[in-house]
Amino acid sequence: WSLCIISTPLIHWTSRSKQSAPARDQFQEELVIRPLHSGDIYASFQFRTLWDIDFLQERQKVSHYRLFPKSLGQVLSKFSVRELHISFTQGFWRTMQWGQPFIPSPPGAELWVWFHDTVSDVDGNWKELTNVLSGIFCASLNFIDLTNTVQPSASFKPLGLGNATDHRFLRYATLPREIVCTENLTPWKKLLPCGSKAGLSVLLKSEKLFHSSFHSQAVHIRPVCQDEQCTSKAWELRQTLNVVFDLYTSSQGKKEWSLFKMFSRTLTEACPLATSSKIYVDITDNPELNPVTPLLSQAVVLGDRRTYSVFDLTRAETFGQLCSLNLLLRWKGDSDMLRPLLHAERYVAGFGLQTGEIHTVIYNNHPYRAFPVLLMDSVPWYLQLYIHTLTVTSKSRDNKPSYIHYQPAKDRHRPHLLEMLIQLPPHSMTEVTVQFERALLKWTEYTPDPNHGFYVGSSVVSALVPSMVAMNTNFTQDQPLFSSFVPVKEESSYFVRVYTEPLLVNLPTPDFSMPYNVICLTCTVVAVGYGSFYNLLTRTFQVDEPSLPLEKRLANLIRRIRGVPLLA
Amino acid sequence: MRIFAFIHLLVSIPHGYSNYVETKAGQFFSSGHTNNWAVLVCTSRFWFNYRHVANTLSVYRSVKRLGIPDSHIVLMLADDMACNYRNPKPATVFSHKNMELNVYGDDVEVDYRGYEVTVENFLRVLTGRLPPSTPRSKRLLSDDRSNILIYLTGHGGNGFLKFQDSEEISNMELADAFEQMWQKRRYNELLFIIDTCQGASMYERFYSPNLMALASSQVGEDSLSHQPDLAIGVHLMDKYTFYLLEFLEEVHPASQANMNDLFKVCPQSQCVSTPGHRTDLFQRDPGSVLITDFFGSVRKVEITKDTINLTSPVDRKKYITGFLCCQTNL
């Protein structure tokens, strides 16, 4: 106990003595633990760095980096990036079982960037940016090129400041095949001010994080307002990590969880560089929580009012007598989950390797309210869509979208982009179908394992869903991070983005051993057919004496000894 | 007279001592290299080729442990085994059965992965001809005082190595790539280790100087895998790299083990195949080449004989800029 008291003031004293000038950057870290209805547990980490500087406006180069990582700062100023969102996800978020995530993300890698208006060659900047990011995050982002990049006109509005909505400065790409593993987590952890040494980031151990049903890590950079009146601008870097631990693989079927069971670590201190370091545990469904804390907080997030127990890691009392914090959570009985109001699925129908049909099904589970959704589909060029077969039906009646933005694909240059604004009737299922034909690729365009299939990126469904509970539009400095990610503009609705499953489509695949087979066959035919014909024409034939049988040969031998003429 | 002899003795002791220091310094700089690089490539895809990824990761682990930093290692893995859905223990790659040693570790950085591991990318990394927007972590930024370790593993045959089941690199291409590296002064000395079937055929055609090569099997022989693990379901390592890893685990940064010890790793009684090596293109005697010359990263220190008083800020700045100047000239 006394050790804890001595160590934390020492850390605060040393960090305070180094600050001679007022610090223009601050760092906050937060962990939200939400027990899910199915017995799994959802943990969401958010690390936010706010820096009162302008990468794009200041004439002199920014050279003193303290909490903000230098590698990202240099990327922002070199490529004139206004907003950058990159996420790496393993697994698929099951909305019907788990509810809505705080920060949605599609399987694989997703990158979308808003460039500044002053950029003249956006495509060139985009290409270089993807290469630089592939080096920073150890991912194959260099496979992002014009054949899988789109410019959505309405689905991806800036999440930070800025009123420019010219979508020529927006680029969006996904790599559904991208794998996420420790090599992506390592550089992500290195971007944090405390690394993986102190604070909440000590919990990020790859052996536990990747043994889960869902793992998603993301970096979001955007300009934000410092205060309500927006007198000054600041750059916000949010690093988020969402993970869902499975009841059966991580907890052996028992609905009791603890920090040690989830992460194989307990917490001993907050990050000394953080101004706030908190853990929020969702206790709305009354689970049994140990240790109990008097701090409670209520927040309306994703259209639902939830109660949270707050553990403040900057206070030494939180760690108790043993200098370590291990939260224990146990379910008490069953509870009802709030049914998610918006949900989407996608699948491929049809048979054979020539044609097929993409079906996207969107569910509106609100009992009496209808609301519009924006559906964005980006399909690679080798699935040639026939847009004249596009049908949108709700409750078995035609539902004409009020806004359609379609950009057809160009072979080997551009993918298809289809954006539609569809009004969903209450308590209904809307189905969007479109037929396609599979293209035959050139033999060098196939991947080394073409029989696995080709991936089509997730569809994105974005909507302002009517809320049952009034949302909080006030801007407060000490708002928890998970409720301030998406700016709330009005009380009656909240913004939701749902990603569907990616599709895996088989293209007609040639047999790659055929060139070898053809060479062998051709050479054999040439040798046997032409060769024998050539021999017949150009060679002279001589009659060869057949060899004598054995008795005659012996007789010839004796005759030779005797000196007598030989037999024929 | 005795006093004179005594004074002479006193003068000769420091002189003898400085001679000792100079011979030690001479030995220190005898290898002629100032930095170390490693290019570690696994060329096989699919879950049943788990052992090739484990091979490469075990060499990566040894090389990192002996001091080469991630910025000087180009690691190319053609498929992901650690987070593969078939892996019963995600984020781990084991080299010993019963899951004794996790060679994947907690801070691995893979530079080329998945479909990026192609013959073209490999040759571009070696020769330095990469597109201008390639990030630093994907480049081999070696100079003429670099010692480079190149390790290849996968499926191979007589004169070729298979990349990802769809293309091959021949021994002639590899020899030409090394010659290009020599012409462009991209290495001081190069150690080439290959663990595939008929591996010795890959170094038959080398013709550039300062190359030493080791292979796990001769032409006509197959390299065999070591042990399967029943929980994971596949073979975990190849025999040659398994014994190589055991040998390297004994090496530490100050170790004096030399190349002759490395040639003795995995004799035919343990490996079933006969490992081979080639040293005719190498200038120095293999017995004088330390293992840490290639696998470790020994930092060279320049000894200066001047003493400088560091209290005045002007002097400090001059000394530091002078010092940095010398560093860049190296």
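Labels below follow one simple rule: chain letters A, B, ... track the order of the sequence lines, proteins then strands, and each chain is numbered from 1.
- More than 12 heavy-atom neighbours from other residues, nucleotides or ligands sit within 6.0 angstrom of NZ on A/Lys205.
- Side-chain contact between A/Phe210 and B/Thr92 is absent, with no heavy-atom pair separated by less than 4.5 Å.
- Sparse packing is recorded around NZ of A/Lys70, with 12 or fewer heavy atoms of other residues, nucleotides or ligands lying under 6.0 Å away.
- One distance of note links CG of B/Asp106 with NZ of A/Lys189; it measures 5.0 Å at 0.5 Å rounding.
- Counting heavy-atom pairs under 4.5 Å between each of A/His211, A/Lys190, A/Glu128 and chain B puts A/His211 at the top.
- Atom OH of B/Tyr85 is separated from atom CD1 of A/Ile179 by 8.5 Å, given to the nearest 0.5 angstrom.
- Using a 4.5 Å cut-off between heavy atoms, B/Arg113 touches chain A through backbone and side chain atoms alike.
- Within 6.0 Å of NZ on A/Lys261 lie more than 12 heavy atoms contributed by other residues, nucleotides or ligands.
- Summarising the local packing, CZ of A/Arg412 is surrounded by more than 12 heavy atoms from other residues, nucleotides or ligands at distances under 6.0 Å.
- Distance check: A/Trp443 CH2 to B/Ser166 OG gives 9.5 Å after rounding to the nearest 0.5 Å.
- Here the closest non-hydrogen pair linking B/Pro135 and A/Asn131 is CG-O, 3.3 Å.
- For B/Phe48, the CZ atom is densely surrounded, since the number of other residues' heavy atoms within 6.0 Å is greater than 12.
- Of the inter-residue distances, the one linking A/Ser206 atom OG with B/Tyr104 atom OH reads 7.5 Å to the nearest 0.5 angstrom.
- A pairwise comparison of heavy atoms in A/Glu183 and B/Glu109 identifies CB-CA, 4.4 Å as the closest pair.
- B/Ala91 approaches A/Thr182 most closely through the heavy-atom pair CB-OG1, 3.7 Å.
- Heavy-atom pairs under 4.5 Å with chain A peak, among B/Asn102, B/Asp165, B/Val108, at B/Val108.
- The choice from A/Ala139, A/Ser212, A/Ser134, A/Ser140 that makes the most heavy-atom pairs within less than 4.5 Å of chain B is A/Ser140.
- Remark: A/Thr186 OG1 to B/Asp70 CG distance equals 8.5 Å, nearest 0.5 Å.
- Options A/Ser196, A/Pro187, A/Pro448 differ in how many heavy-atom pairs under 4.5 Å they form with chain B, and the most are formed by A/Pro448.
- Atom CZ of A/Phe260 has 12 or fewer neighbouring heavy atoms from other residues, nucleotides or ligands inside a 6.0 Å radius.
- Interface remark: A/Phe143 contributes side-chain atoms only to the contact with chain B (heavy atom separation under 4.5 Å).
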